[in-house]
Amino acid sequence: MPSASPTPKDLDGYREDADRFIAELDEEFYLHYAGLKETFDLAPIYERHRNLTELDQVKSIGLAVRGTSAT
């Protein structure tokens, strides 16, 4: 179980990271399927943003969004 609730700044950072992740995926899909890029390199994008799916972080954010404490 997560030990501390994320701060509003933490939540904003998580949202920004998630937005960047989606933007990178969208760009990769576009470049590949538009024929502008031969390879389809999703693994590096998922690796760069692996912290978005770390279990403790996701649980902590879920609790914060629902308005409950993680402690």
Side-chain angles (χ1 to χ4, degrees):
M1 196 59 132
S3 60
S5 294
T7 65
K9 183 178 178 180
D10 294 334
L11 292 174
D12 287 343
Y14 188 84
R15 286 183 196 103
E16 289 172 13
D17 289 346
D19 286 345
R20 186 73 239 144
F21 172 66
I22 292 168
E24 288 180 31
L25 286 177
D26 287 348
E27 181 178 20
E28 187 68 22
F29 272 86
Y30 171 76
L31 292 172
H32 177 71
Y33 287 110
L36 301 173
K37 185 176 179 191
E38 209 170 295
T39 59
F40 191 45
D41 303 315
L42 295 179
I45 297 169
Y46 278 89
E47 181 63 26
R48 276 194 302 278
H49 299 281
R50 68 182 172 271
N51 65 313
L52 294 175
T53 58
E54 290 175 351
L55 186 57
D56 284 346
Q57 181 169 348
V58 172
K59 284 182 177 180
S60 179
I61 289 171
L63 290 170
V65 169
R66 287 192 304 272
T68 58
S69 173
T71 56

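Using a 4.0 Å cut-off between charged side-chain N and carboxylate O, E16 and R20 make no salt bridge.
Counting non-hydrogen atoms of neighbouring residues, nucleotides and ligands closer than 6.0 angstrom, the OH atom of Y30 reaches no more than 12 such neighbours.
Taking every heavy atom of both residues into account, S5 and S60 meet most closely at CA-OG, 4.0 Å. Residues N51 and Q57 come closest through the heavy atom pair O-OE1, 3.1 Å. Residues H32 and E38 approach most closely at CE1-O, 3.2 Å, considering heavy atoms.
Atom CD1 in I45 sits 7.5 Å away from atom CZ in F21 (nearest 0.5 Å).
Cluster annotation: L25 is not connected to L31 through the hydrophobic network of ILVMFWY side chains, with a link wherever side-chain heavy atoms come within less than 4.5 Å. Note on I22: it clusters hydrophobically with Y33, by side-chain heavy-atom contacts below 4.5 Å among ILVMFWY residues. Hydrophobic clustering keeps F40 apart from L36 (ILVMFWY residues linked when any side-chain heavy atoms are closer than 4.5 Å, directly or through intermediates).
Each of D19, D12, D17 was compared with R15 under the salt bridge (Lys or Arg N to Asp or Glu O under 4.0 Å) criterion, and only D12 meets it.
Scored by the side-chain contact (heavy atoms from CB on, under 4.5 Å) test, T39 finds K37, D41 as partners (sequence neighbours excluded).
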